[in-house]
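Below is one structure, written out as structure tokens; the observations come after it.
Values reported hereafter were calculated over all heavy atoms of this structure, with side chains retained and with hydrogens, waters and symmetry mates removed. Residue numbers begin at 1 in each chain, while the letters A, B, ... track the order of the sequences.
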There are 2 protein chains.
Amino acid sequence: MKTLRLNSSDRTVLLGSRFFEKLSAAASNAVLEGAVVTNHEEHDVLFHQDETVDSVFCVLSGLVRLYRLGKDGREADIAVFPKGELFGESAMFLGNRATASARAIGSSTIARLDSRNLRSLAETHPDIAQALMELLCRHGQMAEDCLAEDRLLTAPQRVANYILGHCPDGSTTFSFRLPFQKNVLAGKLGLAPEALSRAFSALRRSGVTVKGRMIEIHDRNALERF
Amino acid sequence: MKTLRLNSSDRTVLLGSRFFEKLSAAASNAVLEGAVVTNHEEHDVLFHQDETVDSVFCVLSGLVRLYRLGKDGREADIAVFPKGELFGESAMFLGNRATASARAIGSSTIARLDSRNLRSLAETHPDIAQALMELLCRHGQMAEDCLAEDRLLTAPQRVANYILGHCPDGSTTFSFRLPFQKNVLAGKLGLAPEALSRAFSALRRSGVTVKGRMIEIHDRNALERF
DNA sequence: AACGCGAATTGACCTCGATCAAATAGCCGG
DNA sequence: CCGGCTATTTGATCGAGGTCAATTCGCGTT
């Protein structure tokens with residue numbers, strides 16, 4: 001794992017993330033002070049659950065998933081982060097301990113923002129503190145959304161919801177390409193890959209067809225009624 | 001629902017919560033400025049998911065559960081808050097919209113802290129912002145914990161974990177009284193009451209006995225191995 | 001265009017937990 | 001102490017999803 005400085009395209013990706021969108025250039029530059037970039041191979045672990053972490057991370061390219069490990073070696077995905085997303089920020093306020101492990105999906109480039117710098121800035125910059133609180137809330141809501149879906153919905157319903165979340169408003173027919181392999185989507189939805197596959201099959205009669213990563217929706221209304 | 005001012009025993013409960021523990025008296029008083037108290041009957045709904053809320057809430061007595069509603073009318077519990085716990089705080093940073101509904105379990109007395117006041121204070125008091133971020137992180141971690149347990153553990157394993165979380169360090173035998181009805185614990189663990197009951201039965205041979213709300217653990221090590 | 005390999009799909013089987021119903025326990029009020 | 005009512009337990013049944021294995025698909029490389 002090589003450590004490099006941010007280059008200008010790294011900065012562009014970072015500054016394009018939602019975290020920075022309301023921050024001034026000066027505040028953003030202060031946050032990025034001392035940030036470094038690391039490159040990871042597929043399956044590399046960035047940090048383990050309960051490990052001390054002194055950075056907040058951002059995906060510059062690739063994908064990262066957070067997961068918890070069961071005693072039997074199984075992994076339960078907690079979240080998946082695409083390019084432009086920050087993660088690992090809650091450790092700053094939980095004794096610098098990671099709440100989950102993080103692993104790269106495919107080759108990934110990750111920015112690491114210094115936690116100490118960020119906390120210090122948050123103390124003197126209300127706008128930075130605000131951006132952090134919003135980030136914490138979005139991530140908290142994501143976990144709640146997963147929990148509620150797991151507890152309330154069947155596999156096909158979860159997949160239908162996922163698809164509808166990618167459907168632009170107003171469209172009855174639509175197609176999109178999954179940004180990752182299906183086994184990643186399965187993990188995100190709390191399913192075994194076989195169950196995901198069966199859920200897509202079940203959705204065929206509600207107008208969903210699948211070819212490789214391409215998902216086509218022929219009747220949004222049928223999907224909403226699923 | 002009658003709205004009252006905080007009395008001194010209300011203040012004592014509030015100031016005893018973890019949120020306030022590191023705040024100065026001056027900061028705490030500022031946070032409690034304009035706070036009111038409401039009394040709720042069993043099953044009263046405090047707010048509905050997606051509803052606009054302009055308070056952060058604290059349980060002064062009783063219990064409150066956050067839940068999501070499925071299309072079929074079923075409810076999935078997200079969290080249960082006992083006396084002294086704050087909740088509903090993430091709405092402040094998510095467009096003032098509640099991420100879940102809240103309902104009183106039994107008669108409950110609830111304090112409402114003014115969101116606008118709290119946000120404003122957080123902007124000028126780094127210690128208040130810090131307390132808020134810590135609160136957001138604890139709640140995020142709770143949701144992650146539930147999600148991971150649901151995805152990784154069987155019902156008896158979840159119950160065993162819950163029991164172990166109430167077992168003081170170093171004790172091999174222990175007993176405690178559930179602070180709520182068993183059907184509340186079932187909801188918290190994402191189980192039907194019958195499944196909880198069966199899980200307790202399954203744990204009998206690992207040294208757990210149950211009489212009403214009293215739970216007795218005869219062999220902590222057996223429970224850890226479950 | 002063809003080939004190889006890993007991802008995905010499909011089949012079969014099993015287990016866990018939900019649901020519904022009936023019986024029992026235990027708590028509270030009189 | 002007794003009775004009533006709700007919570008809890010237990011029994012029976014069923015379905016969803018996990019697991020394991022075999023087959024097929026599709027993507028990438030040559």
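- Following rounding to the nearest Å, B:Leu153 (CG) and D:dG18 (P) show an atom-to-atom distance of 15 Å.
- Residue A:Asn183 contributes atom CG, which lies 14 Å from atom C1' of D:dG26 at whole-angstrom precision.
- The side chain of B:Lys182 places an N or O atom within less than 4.0 Å of a non-bridging phosphate oxygen (OP1 or OP2) of D:dT9.
- If you measure from atom CZ of B:Phe180 to atom P of D:dT8, you get 11 Å, rounded to the nearest angstrom.
- Nearest nucleotide to the side chain of B:Gln181, out of C:dA12, D:dT9, D:dT8: D:dT8.
- Between C:dC20, D:dG17, C:dG17, one nucleotide has an atom nearer to the side chain of B:Glu194 than all others, and that is C:dC20.
- Considering only side-chain atoms of A:Lys211, the nucleotide from D:dG26, D:dG17, C:dG17 that sits closest is D:dG26.
- Within the 4.0 angstrom heavy-atom criterion, no nucleotide atom of any strand lies near A:Leu196.
- Across all non-hydrogen atoms, the minimal contact from A:Leu152 to B:Gly70 is CD1-N, 3.7 Å.
- In this entry the distance linking CZ of B:Arg151 with C1' of D:dG18 reads 14 Å, nearest Å.
- Residue A:Arg198 places its side chain closer to C:dG11 than to any other of C:dG17, C:dG11, D:dG18.
- Taking only side-chain nitrogens and oxygens, B:Ser201 never comes nearer than 4.0 Å to OP1 or OP2 of D:dT9.
- The A:Leu191 side chain lies nearest to D:dG18 when the options are D:dA21, D:dT10, D:dG18.
- Remark: the A:Arg213 side chain and the D:dG26 base include no donor-acceptor N/O pair separated by less than 3.5 Å.
- Between the A:Ser115 side chain and the A:Ser55 main chain, a donor and an acceptor come within less than 3.5 Å of each other.
- With rounding to whole Å, A:Phe200 atom CZ is found 18 Å from D:dT24 atom C1'.
- Side-chain N/O atoms of A:Arg204 and base N/O atoms of C:dT9 include no donor-acceptor pair closer than 3.5 Å.
- B:Lys188 forms no cation-pi arrangement with B:Phe180, by the criterion of a distance under 6.0 Å to the ring centre and an angle within 45° of the ring axis.
- The minimum heavy-atom distance between A:Phe226 and A:Ala202, with the atom names listed, is CE1-O, 4.1 Å.
- A donor-acceptor contact closer than 3.5 angstrom links the side chains of A:His218 and A:Thr209.
- With hydrogens and angles ignored, no donor-acceptor pair under 3.5 angstrom links the side chain of A:Arg74 to the base of D:dG18.
- Of the candidate nucleotides C:dA18, C:dA8, D:dT9, C:dA18 has the atom nearest to the side chain of B:Ala192.
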